[in-house]
Amino acid sequence: MLNITQLLDKVEKRLYINGEWREGSSGETFDVVNPATEEVIATMASGTREDSIAALDAAHAARQQWERTAPRTRAEILRRGYDLIMERADEFAAIMTLEMGKSFTEAKGEVAYGADYLLWFSEEANHFYGHTNKYPAKGLRMVTVRKPVGPCLLITPWNFPLSMATRKIAPALAAGNTVIIKPAKLTPLTMQYFVQTMIEAGVPAGVINIVSSKSAADVSEPIMEDPRLRKMSFTGSTPVGSSLMELAAKNIIKVSLELGGNAPAIVFADADMDTAVEQVKAAKLRNIGEACTAANRILVHESVAEEFTEKFVKAVKAMKIGNGMDEGVELGPLVEKKAVERMEELVEDAVENGGRVIYGGKRIEGKGFFFEPTVIVGASREAKVFREEIFGPIAPIFTFANEEEAWEMANDTEYGLASYVFSENPDVMFRASDNLEFGIVGFNAGVVSDASIPFGGVKASGLGREGAQEGMFEYTEVQHIGVRDPYAR
Ligand code: NAD
């Protein structure tokens with residue numbers, strides 16, 4: 001049995017810069033709150049502009065040595081990190097549930113998924129080839145190598161406190177870069193414990209630095225204005241991503257952006273209805289709906305809308321809501337009070353736009369930021385639940401009359417991250433791929449994320465990919481060496 005007090009005591013609350021744990025230079029702090037109980041569970045040192053520059057100094061100084069460390073050595077450190085996280089899976093999961101709210105079972109799932117990036121990129125580190133060839137006509141040979149890009153600033157959101165960070169840190173370290181991590185202020189504890197674990201795994205001083213702060217801009221601005229920073233990778237909302245891209249423009253810093261989503265889940269008349277219901281429920285309510293890949297708009301063919309809706313409501317009704325640490329709970333609280341108010345605003349707006357709440361629709365009174373899982377039918381396309389990212393447990397169901405209308409409705413958003421399609425006709429998979437403007441298409445599957453896939457979006461959902469070999473490319477620069485061919489005339 002885990003002792004929660006002892007576990008929280010074990011998590012470092014200070015900044016980690018240049019191989020040492022230290023208080024923030026201003027002495028200021030901020031609190032972390034458990035969204036299920038509204039209790040303060042930790043008080044963190046808050047990093048300042050000076051701390052941020054100190055972290056960049058450290059990352060810059062450690063750069064060359066880490067870059068020259070053998071790939072195998074880097075791989076072994078990542079692999080040890082993977083083993084240690086898996087050994088401590090219950091601890092990581094409990095920390096995540098306490099600071100973010102998701103159920104312990106889901107948190108355990110995220111630990112395995114997040115750790116998997118370390119395993120995947122530990123393998124990738126050893127097999128990261130460049131290429132050689134002859135120029136087709138000139139008397140030269142080509143040697144093309146991929147080099148680490150340099151110090152990286154990695155900014156992560158609160159909804160997946162471990163995996164959104166390991167997707168960046170693992171490829172960055174595998175490729176030979178040094179990093180500065182800025183976790184979300186709502187959920188810094190998971191990342192603090194992760195850094196402690198990676199130090200034990202053998203990451204040298206300066207290679208990994210963490211600057212939690214109550215002011216994100218204080219950490220990002222000073223170092224993004226410093227030309228020693230060479231890469232910024234951000235996961236979070238589209239407006240913040242866009243403003244960071246502007247900052248990056250000044251020094252032409254390489255950027256990766258994993259931003260918001262507004263995923264359609266399209267259920268065709270020939271879909272296996274039970275699979276569709278189960279998978280759409282997972283796509284919608286995984287992580288309490290607080291996922292960039294969450295099915296935001298459920299689009300169902302009009303001939304099967306009644307059957308789908310009935311089965312979907314039945315499946316949602318069966319879900320247990322409560323404190324994520326309690327046995328059997330599937331849906332925890334939302335992350336903060338503001339999120340509950342946002343759900344109320346979305347329900348009210350949907351009703352004003354013709355929607356009918358057929359299940360849920362209200363906050364749950366008492367301690368904690370709980371909101372009922374909610375199903376809405378009949379809202380128009382003007383409703384915010386169609387137009388905006390919901391980021392909570394509201395499932396709006398819309399109908400379409402034919403395939404063309406389904407693609408058109410699906411693409412009617414500025415976002416382009418995940419999309420889901422349910423049909424028993426394999427041809428529909430290729431037509432979906434041709435027609436959908438999204439980086440990810442799940443075909444008869446509601447959860448497709450994995451360390452082995454190139455995850456990312458198009459349009460306002462971002463730039464670049466995380467995971468797979470593409471994820472490693474994001475942390476490298478290509479260098480070409482043109483060599484005179486000894487046989488050239
Ligand atoms: P957010 O944009 O508010 O914050 C994300 C991170 O940026 C946090 O660490 C925050 O402290 C920091 N930040 C905020 N303002 C900043 C500024 N001015 N300068 C520098 N850093 C700043 O997003 P959030 O509420 O934490 O996360 C939810 C959003 O993240 C949703 O839009 C969701 O879709 C998106 N998201 C995307 C993906 C993806 O892979 N595409 C994954 C998870 C979440």
Side-chain angles (χ1 to χ4, degrees), residues 30 32 35 44 46-47 49 52 99-102 110 113-114 117 153-168 180-188 190-191 210-225 229 232-248 253 255-263 286-296 334-336 338-339 342 388-392 413-419 438-440 448-451 453-467 471 474:
F30 66 97
V32 182
M44 311 290 304
S46 181
R49 299 176 94 84
S52 183
E99 66 177 350
M100 185 274 170
K102 72 179 77 183
E110 189 188 338
Y113 169 50
Y117 284 97
L153 170 63
L154 310 177
I155 304 177
T156 57
W158 50 263
N159 62 339
F160 291 101
L162 182 69
S163 55
M164 295 303 100
T166 51
R167 281 174 173 197
K168 301 181 190 304
I180 301 155
I181 307 161
K182 209 304 284 167
K185 71 168 185 266
L186 292 171
T187 60
T190 305
M191 240 332 88
I210 184 166
V211 186
S212 293
S213 177
K214 62 179 170 192
S215 167
D218 278 359
V219 179
S220 60
E221 275 172 14
I223 53 179
M224 287 192 62
E225 283 164 6
L229 188 80
M232 191 282 301
S233 177
F234 169 79
T235 298
S237 58
T238 298
V240 174
S242 164
S243 69
L244 286 167
M245 196 170 168
E246 265 179 55
L247 268 184
I253 288 169
V255 293
S256 298
L257 301 172
E258 293 285 352
L259 309 176
N262 182 353
R286 184 171 79 109
N287 221 42
I288 325 156
E290 295 169 317
C292 51
T293 50
N296 219 58
L334 292 169
V335 74
E336 58 180 341
K338 248 188 353 208
R342 162 103 176 132
E388 298 176 13
E389 187 174 34
I390 295 171
F391 235 62
T413 170
E414 74 267 33
Y415 294 111
L417 185 59
S419 59
F438 291 84
I440 299 165
V448 296
S449 301
D450 193 80
I453 70 150
F455 185 103
V458 301
K459 294 159 67 182
S461 290
L463 286 176
R465 293 293 178 268
E466 292 189 325
E474 302 281 330

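Indexing begins at 1, ligand by ligand and atom by atom, following the structure's order. The figures that follow rest on heavy atoms only: side chains count, while hydrogens, waters and symmetry mates do not.
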Problem set entry | Student check: side-chain heavy atoms of Phe30 and Pro188 closer than 4.5 Å | yes
For this session: Considering the heavy atoms of Asn159, write down every atom of ligand 1 situated less than 4.0 Å from one of them.
Result: 43 (C), 44 (C)
Seminar exercise, completed: Near Pro183 (heavy-atom distance under 4.0 Å), the atoms of ligand 1 are 9 (O)
For this session: Show which atoms of ligand 1 fall inside a sub-4.0 Å distance from at least one heavy-atom site of Met164.
Result: 42 (C), 43 (C)
Exercise. Would atom 32 (O) of ligand 1 count as contacted, meaning some protein heavy atom under 4.0 Å?
Worked result: yes
Seminar exercise, completed: In ligand 1, the atoms that come under 4.0 Å of a heavy atom of Ser220 are 19 (N), 20 (C)
Problem set entry | Atom indices of ligand 1 within 4.0 angstrom of Ala216 heavy atoms, with elements | 11 (O), 12 (C), 13 (N), 14 (C), 16 (C), 20 (C), 21 (N), 22 (C)
For this session: For Ser461 and Gly416, indicate whether the former's side chain and the latter's backbone hold a donor-acceptor pair under 3.5 Å.
Result: yes
Exercise. In ligand 1, which numbered atoms sit nearer than 4.0 Å to a non-hydrogen atom of Leu244?
Worked result: 19 (N), 20 (C)
For this session: For Lys182, check salt bridge (Lys or Arg N to Asp or Glu O under 4.0 Å) against everything at least two apart and list the hits.
Result: none
Exercise. Between Lys182 and ligand 1, does any nitrogen or oxygen pair lie at a separation below 3.5 Å?
Worked result: yes
Side-chain donor/acceptor pairs under 3.5 Å, residues 156-163, sequence neighbours excluded:
from: Asn159; atom 1: ND2; to: Glu290; atom 2: O; distance (Å): 3.1
from: Ser163; atom 1: OG; to: Glu110; atom 2: OE2; distance (Å): 3.0

Exercise. Can Lys168 and Ser256 be counted as having a side-chain donor-acceptor contact under 3.5 angstrom?
Worked result: no
